[in-house]
Number of protein chains: 2
Amino acid sequence: MEPSSSVTLHDVAAEAGVSLATASRVLNGSVRKVAESYRERVMAAAQRLGYAPNLSAQAMAKGRANIVGLLVGDIADPYFSAITAGAMAAAEEAGLVVTVAVTGRDADRELTTVRALKGQRPRAILLAGSRFADATRDDELSAELENFRAGGGRVVFVSQSGLGFDTVRIGNEEAATALGERLAELGYRRVAIIAGPHRLITSTDRARGFTRGFGRGGGDVVTTVRGDFTRDGGFAAGEKLAASGLSDVDLIFATSDIMAVGAMSALRRAGIIPGEHVGVAGFDDISTARDVTPPLTTVAIPLEEIGRSAVTQALLDEPGDSPAPVTGTVLIRESTPART
Amino acid sequence: MEPSSSVTLHDVAAEAGVSLATASRVLNGSVRKVAESYRERVMAAAQRLGYAPNLSAQAMAKGRANIVGLLVGDIADPYFSAITAGAMAAAEEAGLVVTVAVTGRDADRELTTVRALKGQRPRAILLAGSRFADATRDDELSAELENFRAGGGRVVFVSQSGLGFDTVRIGNEEAATALGERLAELGYRRVAIIAGPHRLITSTDRARGFTRGFGRGGGDVVTTVRGDFTRDGGFAAGEKLAASGLSDVDLIFATSDIMAVGAMSALRRAGIIPGEHVGVAGFDDISTARDVTPPLTTVAIPLEEIGRSAVTQALLDEPGDSPAPVTGTVLIRESTPART
DNA sequence: ATGAAAGCGCTAACAA
DNA sequence: TTGTTAGCGCTTTCAT
């Protein structure tokens with residue numbers, strides 16, 4: 001049968017000779033409750049007509065759509081795309097559709113975007129990405145999300161919490177501390193830190209943690225250069241450091257791999273060979289970290305797993321029991337050979 | 001005013017002392033038609049109550065949701081995430097929300113996913129990613145999309161067309177030909193091609209184009225190694241080539257940068273230095289191509305632009321006028337120095 | 001210019 | 001177990 005532009009449940013019910021309610025029960029409603037013979041007839045009719053439920057209608061009738069809204073800073077950033085991949089995998093398993101929106105790592109846009117997402121009445125809203133040091137918008141965001149939760153929606157943050165919602169926390173500071181210690185053990189003593197903007201807590205936490213660990217091992221932070229929390233931001237910071245001569249520095253720590261990778265390119269361009277003239281370390285263990293030369297020392301964060309986790313958390317019966325923070329694993333690679 | 005769990009248009013209308021219809025006209029409906037005084041009162045009421053339209057309800061009333069569904073092979077692949085970024089930017093400008101789904105580069109899953117997306121009654125469905133050589137599912141997919149279009153939805157393919165829908169075409173074969181010619185000019189004569197699975201037309205087109213161009217310049221294809229169209233697939237292929245000794249080969253062309261990058265890592269691991277012992281070239285110009293060592297010769301494809309374009313195309317008044325294919329630009333970098 | 005009311009497709013009481 | 005029916009929130013004729 002040629003499916004007309006849109007087959008409704010009504011059509012299916014008619015075709016099968018049963019009531020709307022019965023058809024609904026068979027195709028979508030709760031399990032077990034319809035006689036096998038009816039069940040089959042409905043299924044057959046649906047099949048024949050090519051019926052597909054109208055999600056908007058379902059959402060309206062149920063008050064909630066089988067959607068999860070995911071906010072990321074920048075989908076083209078491997079950090080976020082890995083988290084997204086994990087979230088989408090888990091969502092698909094749960095029969096949910098994922099709506100993705102980007103915030104550009106900006107608090108205002110984050111707020112706007114949350115509002116837009118709320119309009120879909122999704123089952124959950126997931127906010128991946130750093131919280132902001134400047135809490136200007138936090139009250140508004142909180143209110144917006146609190147209201148969403150009051151309506152039965154679930155909210156899950158990924159990274160830092162602070163606003164009192166469920167959170168898949170990432171142990172940025174601890175892992176960075178461990179990395180700092182290890183690098184100090186390897187003989188590094190004077191580090192230049194490449195960090196993202198002050199307002200990104202993720203970056204700040206990592207820098208602080210690293211500083212502490214490195215300090216414990218007897219190392220010092222010589223300087224900190226800031227830039228966008230992107231590849232190009234890292235590149236620019238790398239150029240700046242290279243221009244300064246790097247005289248007093250034996251190590252560069254960037255608060256994300258993507259910045260580290262950009263910085264390495266800048267260094268090499270300036271004739272400074274990463275891993276040889278100066279050690280370089282990053283954070284995240286994005287795929288590229290293995291493929292640059294030399295392979296990049298970093299902290300592995302199970303990004304995909306975190307994405308899955310966020311969805312799982314959102315689907316749990318009860319909010320409130322945030323799991324323990326995800327821990328990172330220090331990965332020493334050739335970009336930081338032991339200092340003789 | 002404390003926004004109760006959900007403020008409806010009804011509430012706003014009541015608060016403003018106007019009818020539902022008027023409120024609707026002010027807040028969403030077509031422009032100009034409401035007296036300024038009413039207009040203001042409604043706006044104020046909406047503001048005060050924190051009203052946000054329920055998209056599902058709007059979708060139902062209008063028959064179509066302000067959503068665009070985007071299908072990608074793998075969101076963690078920079079090729080797709082760049083396209084996605086572009087599509088999301090354009091969608092946001094148009095006030096549309098983007099639902100993303102992954103196909104895992106599998107025709108069956110692609111079909112399933114299209115069905116799921118259709119349930120949202122989105123304004124458009126965008127299919128990024130290679131078509132499949134094995135057209136087993138093409139009829140079903142066509143039928144599904146044709147039906148979607150019949151209901152007023154728009155369909156846009158990105159890459160190859162073939163199914164008779166609007167397409168943002170990518171000139172893979174032509175650009176690969178140009179690349180092959182250039183590399184032959186540079187003195188390369190014997191290439192090993194690293195390709196994705198046979199079924200991915202994108203990969204096949206690029207390999208064919210390259211072969212032609214390289215042949216024109218007097219070069220030969222010595223061997224072709226296939227693997228997953230991923231970084232790891234490239235790595236595995238690279239290992240295989242390295243193991244074979246690479247005796248008879250002065251160049252490796254991978255049909256995507258991501259494979260090329262993986263292959264470079266494998267080569268280096270085996271003691272073969274890319275750009276020195278053997279030239280390496282890729283395709284796409286993903287961000288990483290600049291950051292590997294040596295920087296990777298490739299064909300630049302304006303991925304973000306393509307994503308934007310797909311959305312723009314979908315929003316055009318009339319289907320059918322697919323723009324000219326997007327052309328790639330050959331970028332010779334240090335991974336393919338001129339052969340002496 | 002404004003309002004009343006009929007749906008849009010589906011679910012979930014409530015009846016039978 | 002199955003069917004009837006009242007909404008869900010919004011848009012859109014059609015009157016007024």
Side-chain angles (χ1 to χ4, degrees), chain A residues 3-42 45-46 49-67 118-123 151-153, chain B residues 3-42 45-46 49-67 118-123 151-153:
Chain A
S4 81
S5 67
S6 217
V7 180
T8 72
L9 231 206
H10 188 98
D11 302 332
V12 175
E15 170 86 6
V18 303
S19 77
L20 241 188
T22 300
S24 169
R25 290 194 264 256
V26 171
L27 293 171
N28 316 300
S30 51
V31 260
R32 297 296 94 150
K33 266 198 168 182
V34 179
E36 197 49 38
S37 60
Y38 277 26
R39 176 169 219 83
E40 281 166 11
R41 282 170 56 190
V42 172
L49 265 34
Y51 170 75
N54 180 320
L55 299 192
S56 295
Q58 283 186 308
M60 253 220 341
K62 296 213 263 229
R64 211 138 272 304
N66 279 327
I67 291 180
K118 275 179 68 181
Q120 297 204 61
R121 303 291 188 273
R123 210 159 282 296
Chain B
S4 81
S5 68
S6 218
V7 181
T8 73
L9 190 55
H10 187 99
D11 303 331
V12 176
E15 170 87 7
V18 302
S19 77
L20 241 189
T22 301
S24 169
R25 291 194 263 255
V26 172
L27 293 170
N28 316 299
S30 50
V31 258
R32 297 297 96 153
K33 266 198 168 182
V34 179
E36 197 49 39
S37 60
Y38 277 28
R39 176 168 218 83
E40 282 166 12
R41 281 170 56 191
V42 172
L49 266 34
Y51 169 74
N54 181 319
L55 300 192
S56 295
Q58 283 187 309
M60 249 215 346
K62 297 213 262 231
R64 210 140 272 304
N66 278 326
I67 291 180
K118 275 179 69 180
Q120 298 202 62
R121 304 288 187 273
R123 212 160 280 296

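First the proteins, then the strands, lettered A, B, ... as listed; each starts at 1. Since the model is a prediction, treat every value here as computed from it, not as a measurement. FYI, side chains are in, hydrogens and waters are out, and symmetry mates aren't considered; it's all heavy atoms of this structure.
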Quiz item: So what does Ala35(B) touch, heavy atoms closer than 4.0 Å: a base, only the sugar-phosphate, or nothing?
Solution: sugar-phosphate
Quiz item: Given atom CG of Asn66(B) and atom P of dG9(D), what is their separation to the nearest angstrom?
Solution: 19 Å
Quiz item: Atom OG in Ser56(B), atom CD1 in Ile67(B): separation rounded to 0.5 Å?
Solution: 7.5 Å
Quiz prompt | Below 4.0 Å: OP1/OP2 of dC8(C) and any side-chain N or O of Asn54(A) | solution = no
Close N or O pairs between protein and nucleotides 14-16 of chain C (under 3.5 Å):
none

Exercise. Indicate whether OP1 or OP2 belonging to dT4(D) is found under 4.0 Å from a side-chain N or O atom of Ser19(A).
Key: no
Exercise. Please determine if a side-chain N or O atom of Ser24(A) lies less than 4.0 Å away from the OP1 or OP2 oxygen of dT11(C).
Key: yes
Quiz item: So do Asn28(A) and Pro53(A) actually touch side chain to side chain, heavy atoms under 4.5 Å?
Solution: yes
Quiz item: Could you give the distance from CE (Met60(A)) to CZ (Arg121(A)), rounded to the nearest 0.5 Å?
Solution: 11.0 Å
Exercise. Rounded to the nearest angstrom, tell me the gap between atom CG in Leu9(B) and atom P in dC8(D).
Key: 14 Å
Quiz item: Are any of Thr8(B)'s side-chain N or O atoms less than 4.0 Å away from OP1 or OP2 of dG9(D)?
Solution: no
Quiz item: Among dG7(C), dG3(D), dC10(C), which is the nearest nucleotide to the side chain of Ala61(A)?
Solution: dC10(C)
Practice problem: Would you tell me if any nitrogen or oxygen in the side chain of Gln58(B) comes within less than 4.0 Å of OP1 or OP2 on dC10(D)? | Solution: no
Practice problem: Report the distance from atom CG of Leu49(A) to atom C1' of dG9(C), rounded to the nearest whole Å. | Solution: 15 Å
Quiz prompt | Residue Lys62(B), side-chain atoms from C-beta onward, closest of dG3(D), dG9(D), dT12(D) | solution = dT12(D)
Quiz item: Is there a donor-acceptor contact under 3.5 Å from the side chain of Arg64(A) to the main chain of Ala59(A)?
Solution: no
Exercise. Measure from NE2 on His10(A) to C1' on dG7(C) and round the result to the nearest Å.
Key: 13 Å
Quiz item: Looking at dT11(C), dC8(D), dT11(D), which one has an atom nearest to any side-chain atom of Met60(A)?
Solution: dC8(D)
Quiz item: Would you say Asn28(A) reaches dT11(C)'s phosphate, i.e. side-chain N/O to OP1/OP2 under 4.0 Å?
Solution: yes
Quiz prompt | Sub-4.5 Å side-chain heavy-atom contact between Asn54(B) and Thr8(B) | solution = no
Quiz item: The side chain of Ala57(B) lies closest to which of these nucleotides: dC10(D), dG3(C), dT11(C)?
Solution: dC10(D)
Quiz item: Any idea which heavy atoms bring Tyr51(A) and Val7(A) closest together, and the distance?
Solution: CD1-O, 3.4 Å
Quiz item: Relative to the 5' end of DNA chain C, which residue comes earlier, Leu20(B) or Arg121(B), by the nucleotide with the nearest heavy atom?
Solution: Leu20(B)
Quiz prompt | Atom-pair distance (CZ on Arg64(A); C1' on dG9(C)), nearest Å | solution = 19 Å
Practice problem: Take atom CD of Gln120(A) and atom C1' of dG9(D), then tell me their distance rounded to the nearest Å. | Solution: 15 Å
Quiz item: In whole angstroms, how far is the C1' atom of dC10(C) from the CG atom of Leu55(A)?
Solution: 11 Å
Self-check item: Distance in Å, Gln58(B) CD paired with Ser24(B) OG, rounded so as to fall on 0.5 Å steps
Solution: 8.0 Å
Quiz item: What distance do Arg25(A) atom CZ and Ser19(A) atom OG have between them, rounded to the nearest 0.5 Å?
Solution: 6.0 Å
Practice problem: Please report, rounded to the nearest Å, how far the P atom of dT2(D) is from the CZ atom of Arg39(A). | Solution: 10 Å
